[in-house]
Asker: 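What follows is a single structure, and I will ask about it in a moment.
As the structure is a prediction and not an experimental result, all values here were calculated from the model. We're numbering straight along the sequence, starting at 1.
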Amino acid sequence: TSRIPVIETLLTAGTAKVTVNSETLPSSLLTGLFTATTTATGMYPGGFTCSKGVNLKSYPTNTQFVFIGESGFTYGYPLDAGEEIFLEVSNMNKLFAKSGGGSTGQNIYFIAR
(Lines give C-alpha, C1' and ligand atoms only; values in the text may rest on other atoms or scores of the structure.)
Protein backbone atom coordinates (compact mmCIF):
# COMPACT_ATOMS: atom_id res chain seq x y z
CA THR A 1 0.00 0.00 0.00
CA SER A 2 3.00 2.32 0.30
CA ARG A 3 3.01 2.76 -3.53
CA ILE A 4 -0.61 3.98 -3.68
CA PRO A 5 0.30 7.69 -3.17
CA VAL A 6 2.89 7.44 -5.96
CA ILE A 7 0.35 5.85 -8.31
CA GLU A 8 -2.22 8.50 -7.40
CA THR A 9 0.29 11.25 -8.20
CA LEU A 10 1.08 9.72 -11.61
CA LEU A 11 -2.62 9.30 -12.45
CA THR A 12 -3.47 12.84 -11.36
CA ALA A 13 -0.59 14.31 -13.37
CA GLY A 14 -1.50 12.22 -16.41
CA THR A 15 2.00 10.72 -16.57
CA ALA A 16 1.18 7.13 -15.64
CA LYS A 17 2.36 4.60 -18.21
CA VAL A 18 0.58 1.33 -18.87
CA THR A 19 1.79 -1.74 -20.72
CA VAL A 20 -0.88 -3.95 -22.24
CA ASN A 21 0.28 -7.55 -22.16
CA SER A 22 -2.64 -9.06 -24.01
CA GLU A 23 -5.94 -8.19 -25.59
CA THR A 24 -8.91 -10.39 -26.37
CA LEU A 25 -9.51 -10.36 -30.11
CA PRO A 26 -13.01 -10.51 -31.55
CA SER A 27 -14.16 -14.03 -32.42
CA SER A 28 -16.40 -12.86 -35.28
CA LEU A 29 -17.24 -9.90 -37.51
CA LEU A 30 -20.45 -8.56 -38.97
CA THR A 31 -20.37 -6.39 -42.08
CA GLY A 32 -23.17 -4.77 -43.98
CA LEU A 33 -24.72 -1.85 -45.81
CA PHE A 34 -27.69 -0.03 -44.27
CA THR A 35 -29.99 2.21 -46.31
CA ALA A 36 -31.41 5.01 -44.18
CA THR A 37 -34.86 6.52 -44.49
CA THR A 38 -36.23 9.71 -42.90
CA THR A 39 -37.28 7.74 -39.80
CA ALA A 40 -34.73 6.52 -37.23
CA THR A 41 -34.51 2.79 -37.83
CA GLY A 42 -32.39 0.08 -36.18
CA MET A 43 -29.34 -0.65 -38.29
CA TYR A 44 -29.28 -4.32 -37.26
CA PRO A 45 -32.35 -4.92 -35.06
CA GLY A 46 -31.71 -8.66 -34.67
CA GLY A 47 -28.59 -7.80 -32.74
CA PHE A 48 -24.94 -8.76 -32.89
CA THR A 49 -22.85 -8.83 -29.72
CA CYS A 50 -19.76 -6.66 -30.13
CA SER A 51 -16.55 -7.21 -28.19
CA LYS A 52 -14.99 -3.97 -29.46
CA GLY A 53 -17.58 -1.84 -31.22
CA VAL A 54 -18.67 -0.74 -34.68
CA ASN A 55 -17.03 1.20 -37.50
CA LEU A 56 -19.52 3.22 -39.55
CA LYS A 57 -18.76 4.87 -42.89
CA SER A 58 -21.14 7.01 -44.88
CA TYR A 59 -21.36 6.06 -48.56
CA PRO A 60 -19.09 8.36 -50.62
CA THR A 61 -21.88 9.47 -52.99
CA ASN A 62 -24.52 10.24 -50.35
CA THR A 63 -26.19 13.60 -50.98
CA GLN A 64 -27.39 14.16 -47.38
CA PHE A 65 -26.12 13.53 -43.86
CA VAL A 66 -26.83 10.19 -42.22
CA PHE A 67 -27.59 10.72 -38.53
CA ILE A 68 -26.59 8.06 -35.99
CA GLY A 69 -28.17 7.75 -32.55
CA GLU A 70 -30.10 5.61 -30.09
CA SER A 71 -33.69 4.42 -30.37
CA GLY A 72 -36.11 7.32 -30.83
CA PHE A 73 -33.41 9.98 -31.18
CA THR A 74 -34.25 13.50 -32.34
CA TYR A 75 -30.72 14.81 -32.88
CA GLY A 76 -28.10 12.31 -33.94
CA TYR A 77 -24.45 12.42 -34.84
CA PRO A 78 -24.17 13.52 -38.50
CA LEU A 79 -21.96 11.71 -40.98
CA ASP A 80 -21.42 13.47 -44.29
CA ALA A 81 -20.59 11.57 -47.49
CA GLY A 82 -17.40 9.55 -46.98
CA GLU A 83 -17.08 10.34 -43.25
CA GLU A 84 -16.59 7.58 -40.69
CA ILE A 85 -16.66 6.98 -36.96
CA PHE A 86 -15.91 4.15 -34.51
CA LEU A 87 -18.41 3.63 -31.70
CA GLU A 88 -17.78 1.47 -28.67
CA VAL A 89 -21.09 -0.30 -28.24
CA SER A 90 -21.98 -3.71 -26.83
CA ASN A 91 -24.54 -4.64 -29.48
CA MET A 92 -25.55 -3.55 -32.98
CA ASN A 93 -29.19 -3.37 -31.87
CA LYS A 94 -28.32 -0.14 -30.02
CA LEU A 95 -27.57 1.78 -33.24
CA PHE A 96 -30.24 3.64 -35.19
CA ALA A 97 -29.84 5.80 -38.28
CA LYS A 98 -31.87 8.17 -40.40
CA SER A 99 -31.16 10.33 -43.42
CA GLY A 100 -31.37 14.09 -43.36
CA GLY A 101 -32.91 16.64 -45.66
CA GLY A 102 -36.07 14.64 -46.27
CA SER A 103 -34.05 12.34 -48.53
CA THR A 104 -34.19 8.55 -48.53
CA GLY A 105 -31.67 6.11 -49.94
CA GLN A 106 -28.63 7.38 -48.04
CA ASN A 107 -26.29 4.48 -47.29
CA ILE A 108 -23.90 3.65 -44.49
CA TYR A 109 -21.44 0.75 -44.29
CA PHE A 110 -20.77 -0.98 -40.98
CA ILE A 111 -18.30 -3.48 -39.61
CA ALA A 112 -18.97 -4.71 -36.09
CA ARG A 113 -16.43 -6.65 -34.09
Asker: Looking only at atom types and distance, does a side-chain atom of T35 sit under 3.5 Å from a main-chain N or O of G105, one as donor and one as acceptor?
Answerer: no

Asker: Taking the six-membered ring of F86, is NZ or CZ of K57 closer than 6.0 Å to its centre and within 45° of its axis?
Answerer: no

Asker: Measuring from F65:CZ to E83:CD, what's the distance to the nearest 0.5 Å?
Answerer: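 Nearest 0.5 Å value for the CZ-CD distance: 7.0 Å.
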
Asker: Considering all heavy atoms of both residues, which atom of A40 and which atom of F73 are nearest to each other, and what is their separation?
Answerer: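 Taking every non-hydrogen atom into account, CB-CE2, 3.6 Å.
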
Asker: For the OG1 atom of T31 and the CD1 atom of I111, what is their distance to the nearest 0.5 Å?
Answerer: 6.0 Å

Asker: Any chance you could measure Q106, atom CD, to T61, atom OG1, to the nearest 0.5 Å?
Answerer: 8.0 Å

Asker: Restricting to pairs with a member in residues 6-19, which pass side-chain hydrogen bond (donor to acceptor under 3.5 Å, both in side chains), not counting sequence neighbours?
Answerer: none

Asker: For a quick test of reading the model, state the closest non-hydrogen atom pair linking Q64 to S103 and the distance between them.
Answerer: CG-CB, 3.5 Å

Asker: Which pair of non-hydrogen atoms, one from S58 and one from A81, has the smallest distance, and what is that distance?
Answerer: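 So the two residues come closest at OG-CA, 3.8 Å.
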
Asker: Apply the side chain to side chain contact (heavy atoms under 4.5 Å, CB included) test between Y77 and each candidate in I85, V66, L56; give the one that qualifies.
Answerer: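 One option only clears the test, and that one is I85.
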
Asker: Just how far is it from atom CG of N55 to atom CD1 of I108, taken to the nearest 0.5 Å?
Answerer: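 Between atom CG of N55 and atom CD1 of I108 there are 10.5 Å.
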
Asker: Hey, could you give me each pair passing ring pair (Phe, Tyr, Trp, His ring centres under 6.0 Å) that has a residue in residues 92-113? Not counting sequence neighbours.
Answerer: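 Qualifying pairs: Y59-Y109.
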
Asker: Can you list every pair that meets ring pair (Phe, Tyr, Trp, His ring centres under 6.0 Å) and has a residue in residues 12-57, with sequence neighbours left out?
Answerer: none

Asker: Counting only heavy atoms not in K52, do more than 12 fall under 6.0 Å of its NZ?
Answerer: yes

Asker: With a 4.5 Å heavy-atom cut-off, do T41 and K98 have their side chains touching?
Answerer: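 The answer is no, as the side chains (C-beta and beyond) never meet within the 4.5 Å cut-off.
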
Asker: Please report the closest heavy-atom contact between T38 and S99, naming both atoms and the distance.
Answerer: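 Smallest interatomic distance, heavy atoms only, reads N-OG, 3.8 Å.
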
Asker: Between N62 and N107, which heavy-atom pair has the shortest distance, and what is it?
Answerer: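 Minimum heavy-atom contact is ND2-O, 2.7 Å.
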
Asker: Nearest 0.5 Å please: distance from the SG atom of C50 over to the NZ atom of K94.
Answerer: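 C50 SG to K94 NZ: 10.0 Å, rounded to 0.5 Å.
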
Asker: Following the transitive rule for hydrophobic clusters with a side-chain heavy-atom cut-off under 4.5 Å over Ile, Leu, Val, Met, Phe, Trp and Tyr, establish whether V54 and M43 coincide in one cluster.
Answerer: yes

